[in-house]
Amino acid sequence: MKISSFKISLVLIIIGMIWISVVFNETEKTYDSILLKQSNSIEAKSEFLGIGIGYYKLYMPEFAGEDMFVQILDTNDNVIEEQRVHTKMAVGYFHFNENGTYTVKITNISNNPIDLQIEFGNTNSQKMMPAGITLLAGALGMMIISYIKIKNYNIEQPEENIS
């Protein structure tokens with residue numbers, strides 16, 4: 001049984017995707033769900049270690065055009081990231097470079113109460129590097145093999161003077 005390079009590349013891509021999702025699911029995350037009234041704020045805190053990339057995900061199940069203002073605060077309550085959100089779901093990323101408790105502060109700046117679900121945590125991006133390299137190797141292999149197959153593919157052209 002001959003295993004083609006295309007199948008090997010496909011397997012590398014699948015392994016890389018599964019590996020990345022397992023690493024991401026192992027991260028510590030903070031979940032919260034609340035009905036946020038007009039001009040009120042909510043804070044969610046999470047402990048981060050070392051240097052890396054953190055994220056927040058906001059989801060409004062009953063979205064009707066509301067606006068929110070999001071701030072990420074470091075261990076000294078300095079604003080390191082801020083964004084205005086006016087979509088049903090928003091995901092934001094930020095860099096952290098010291099150990100400590102980071103905070104996401106969300107303020108309702110619309111005129112209506114908002115049903116809000118928050119997820120806040122660390123992406124563990126450093127642990128994803130080997131999985132990302134596996135995924136990249138599979139994707140590059142698949143592109144090169146596809147290019148070679150397409151380059152060698154010939155389409156027969158009919159003759160012009162067929163009687």
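In terms of heavy atoms, S125 sits closest to G52 at OG-CA, 4.5 Å. Listed here is the closest heavy atom pair of S9 and G141: OG-C, 3.4 Å. For the pair T134 and G16, the tightest heavy-atom approach, listed with the atom from each and the gap, is CG2-N, 4.3 Å.
The CG atom of L116 sits 12.0 Å away from the CD atom of E62 when rounded to the nearest 0.5 Å. Annotation: the span from M60 atom CE to M89 atom CE amounts to 11.0 Å, rounded to 0.5 Å. Interatomic distance, I150 CD1 to I145 CD1, rounded to the nearest 0.5 Å: 12.0 Å. Atom CD of Q83 sits about 12.5 Å away from atom CZ of F94, to the nearest 0.5 Å. Note that CG of D67 is 6.5 Å distant from NE2 of H86, once rounded to the nearest 0.5 Å.
Residues satisfying the ring-ring contact (aromatic ring centres under 6.0 Å, His included) criterion with Y56, sequence neighbours excluded, are absent altogether.
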Would you mind writing out the side-chain donor-acceptor pairs for residues 32-51 within the sub-3.5 Å range, not counting sequence neighbours?
from : atom 1 : to   : atom 2 : distance (Å)
S41  : OG     : T107 : OG1    : 2.9
K45  : NZ     : T103 : OG1    : 3.4
E47  : OE1    : T101 : OG1    : 2.7

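Heavy-atom contacts from other residues, nucleotides or ligands closer than 6.0 Å to NZ of K105 number 12 or fewer. Counted within 6.0 Å of CD on Q117, heavy atoms from surrounding residues, nucleotides or ligands total more than 12; the atom is thus considered enclosed. Counting non-hydrogen atoms of other residues, nucleotides and ligands closer than 6.0 Å to CZ of F63 gives a total above 12.
For the pair F120/Y102, a side-chain contact is recorded, criterion being any heavy-atom separation below 4.5 Å from C-beta on. No side-chain heavy atom of N78 sits under 4.5 Å from any side-chain heavy atom of L73. In this structure the side chain of E82 never reaches within 4.5 angstrom of the side chain of V70, judged on heavy atoms. Within the 4.5 Å cutoff, the side chain of I109 has no heavy atoms near those of the M68 side chain. Side-chain contact check for N122 versus E28: every heavy-atom pair is 4.5 Å or farther apart. At least one side-chain heavy atom of F24 sits under 4.5 Å from a side-chain heavy atom of Y55. At a threshold of 4.5 Å between non-hydrogen side-chain atoms, the residues L58 and V85 count as touching. In this structure the side chain of M142 reaches within 4.5 angstrom of the side chain of I13, judged on heavy atoms.
At distances below 3.5 Å, not a single donor-acceptor pair connects side-chain atoms of N124 with backbone N or O atoms of K127.
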Under the criterion side chain to side chain contact (heavy atoms under 4.5 Å, CB included), I'd like the reasoning laid out for T27 against T123: C-alpha separation, chi angles, the key distance, then a yes or no.
CA-CA 7 Å; T27 63; T123 61; 5.9 Å; no

Go through it in stages, so that I can follow the logic: the residues are K151 and I148, the test is side chain to side chain contact (heavy atoms under 4.5 Å, CB included), and I'd like the CA-CA distance, side-chain angles, deciding distance and then a yes or no.
CA-CA 5 Å; K151 187 179 101 174; I148 291 170; 5.7 Å; no

Hey, mind stepping through M17 and L135 against side chain to side chain contact (heavy atoms under 4.5 Å, CB included) and telling me if it holds?
CA-CA 7 Å; M17 289 187 322; L135 183 68; 3.7 Å; yes

Side chain to side chain contact (heavy atoms under 4.5 Å, CB included) assessment of V104 paired with Q71:
CA-CA 6 Å; V104 59; Q71 291 180 317; over 6 Å; no

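For the residue pair N108/S110, the side-chain donor-acceptor check at 3.5 Å is satisfied.
In terms of hydrophobic clustering, with Ile, Leu, Val, Met, Phe, Trp and Tyr side chains grouped at heavy-atom distances under 4.5 Å, F69 and Y59 are assigned to different clusters. Residues W19 and L10 share a hydrophobic cluster, clusters being chains of Ile/Leu/Val/Met/Phe/Trp/Tyr side chains in contact below 4.5 Å. Hydrophobic clustering keeps I14 apart from M143 (ILVMFWY residues linked when any side-chain heavy atoms are closer than 4.5 Å, directly or through intermediates). No single ILVMFWY cluster, assembled from side-chain heavy atoms under 4.5 Å apart, contains both I15 and I18. Placement of L12 and F6 in two distinct hydrophobic clusters is found when ILVMFWY residues are connected by side-chain heavy-atom separations under 4.5 Å, directly or transitively.
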